[in-house]
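In what follows, every chain begins at residue 1, and chains take the letters A, B, ... in the order their sequences are listed. The analysis underlying the following values was restricted to heavy atoms, covering all of them including side chains, and did not include hydrogens, waters or symmetry mates.
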2 protein chains.
Amino acid sequence: MNQKKILVIEDEKTISDIVKFNLTKEGYIVDTAFDGEEGLQKTYSMNPDLILLDIMLPKLDGFQVCKKIRESLNTPVIMLTAKEEEVDKVLGLELGADDYITKPFGMRELIARVKANMRRIDLSNQHESTNGKILDFGILTIDLNRYEVKKHDTVIELTLREFELLKYLAEQESQVFSREQLLEEVWGYEYYGDIRTVDVTVRRLREKIEDNSSEPQYIMTKRGIGYYFRRP
Amino acid sequence: MNQKKILVIEDEKTISDIVKFNLTKEGYIVDTAFDGEEGLQKTYSMNPDLILLDIMLPKLDGFQVCKKIRESLNTPVIMLTAKEEEVDKVLGLELGADDYITKPFGMRELIARVKANMRRIDLSNQHESTNGKILDFGILTIDLNRYEVKKHDTVIELTLREFELLKYLAEQESQVFSREQLLEEVWGYEYYGDIRTVDVTVRRLREKIEDNSSEPQYIMTKRGIGYYFRRP
DNA sequence: TATTCAATTCATAATATGTTTAAAAAGAAG
DNA sequence: CTTCTTTTTAAACATATTATGAATTGAATA
């Protein structure tokens, strides 16, 4: 699993440290910034998956930072408000924040909120990719809702990787992709594995969906380049 | 899927802007009105699918606007209440508002409520009598009125969570849902717990409704993705 | 306030899946 | 036809995900 990155923008080092310690323990990669400017800077350089943002900050306060961020990104922002009164401001000025926690907060609560917001990202990412369609290639159909492939109306059991590879290729029929591209698109961007992994997955996919995996009808090899899907 | 239209009636431009920004980002078409009269006017001209309505408004306040709307339309209305006290009024007066959010609210919550209300319309449009239904899967039946599950005509005692999870999955047979989706849909958008909670609930559900919970017939696992219900 | 039951969290076992490796086969090029 | 390169294949190995049992928390009830 690729680790999620969190940026903590908070001037009190004591708080910052504790938060960092606890979130790191949970498996997140955590970086910290101690004023608004540094916060913005690091936001752009590290491109975090989530931002914890204090309101009272030197140089640029939390409201301004949040607003700036929102101009270009929609990374989830959780505001840390010191007083109940500030909650009103969070409402008035900074609704662009996704969530907020009032200080003092327990680590348990913080972690729960962070996780919940991370989940939400995952969710919205899912929706983009799975737009409930059925790809129909005659004998072969790929049901993106059921994560199911059928051949002659018989369900073929594919593993997730196999399914996603097939889906990716089939969605862009007869386009040839290099192994590098496939690793990037199907396996995920920061994947650093052996390139032959693709071959093996292709082979297993062929065994399952082709009549004769030595003479593929669907998943074709373009020697020296890569693989592509074609309608038989 | 055609885009849904939302009308935001709110006099504070800051709030209005941020709400619009976020809902647009979610794929809705958003228009705004800054006082009660304009709100009514736009309601009739654009015929939105949902209305977000502030209570404190110039010219006509939110209560009056809502009442007016209800005279001719039953477009879902979500009220935005600044204070807890107003909640009583929203509920007490028979305004016909469908939902309300107390300020300050996070964007996450707002979006979730909007989606939930949109979903409700979709559902009630699909099958008018969404109530009074019994899902029948042969040996297994799910009585949505009585909150009762029967197997071979014997009542199976399920807890509320278990029932709602089963209901959700069974209503959308063979559609695969991620744990994130299930937490959001079954547990609710304000849930801050662990994702593995889903697994455990599934397990207990299986123990109750399956013959052999290690070889489930109804509630199936799609490894790497989530769970789905199938007719055995 | 004690008691009960549902719900959640946590730790670990079981299992499915994915990756690597290396050898065999196939294809291209001289 | 021989050599070199690329792809296929099989099997061992490593990793990730899910299932499970037990402990803990929390809410409702008496």
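Side-chain nitrogen and oxygen atoms of B:W187 include at least one within less than 4.0 Å of the OP1 or OP2 phosphate oxygen of C:dT8. Not one side-chain nitrogen or oxygen of B:T159 sits closer than 4.0 Å to the OP1 or OP2 atom of C:dC5. Taking only side-chain nitrogens and oxygens, B:Y227 never comes nearer than 4.0 Å to OP1 or OP2 of D:dT17. Side-chain nitrogen and oxygen atoms of A:R196 include none within less than 4.0 Å of the OP1 or OP2 phosphate oxygen of D:dT6. Contact between the side-chain N/O atoms of A:R203 and the OP1/OP2 oxygens of D:dT7 is not found at any separation under 4.0 Å.
B:R179 has no carboxylate O lying under 4.0 Å from a charged side-chain N of A:D122, or vice versa, which leaves the two without a salt bridge.
Rounded to 10°, the helix from C:dT1-D:dA30 to C:dG30-D:dC1 has 30° between the axis fitted to its first five pairs and the one fitted to its last five.
Once rounded to the nearest 0.5 Å, the distance linking CG of A:L169 with CZ of A:F177 reads 6.5 Å. With values rounded to the nearest 0.5 angstrom, A:E164 atom CD is found 11.0 Å from A:L158 atom CG.
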Give me the distances for all protein-to-nucleotides 27-30 of chain D N/O pairs that come in under 3.5 Å?
none

For A:Y147 and B:Y228, what are the C-alpha separation, side-chain angles and deciding distance, and is it a ring pair (Phe, Tyr, Trp, His ring centres under 6.0 Å)? CA-CA 11 Å; A:Y147 290 84; B:Y228 65 99; 9.5 Å; no

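Listed in residue order, the members of residues 204-226 of chain A having a heavy atom less than 4.0 Å from DNA chain C are A:R204, A:R223.
B:R161 comes within 4.0 angstrom of the backbone, heavy atoms only, and of no base.
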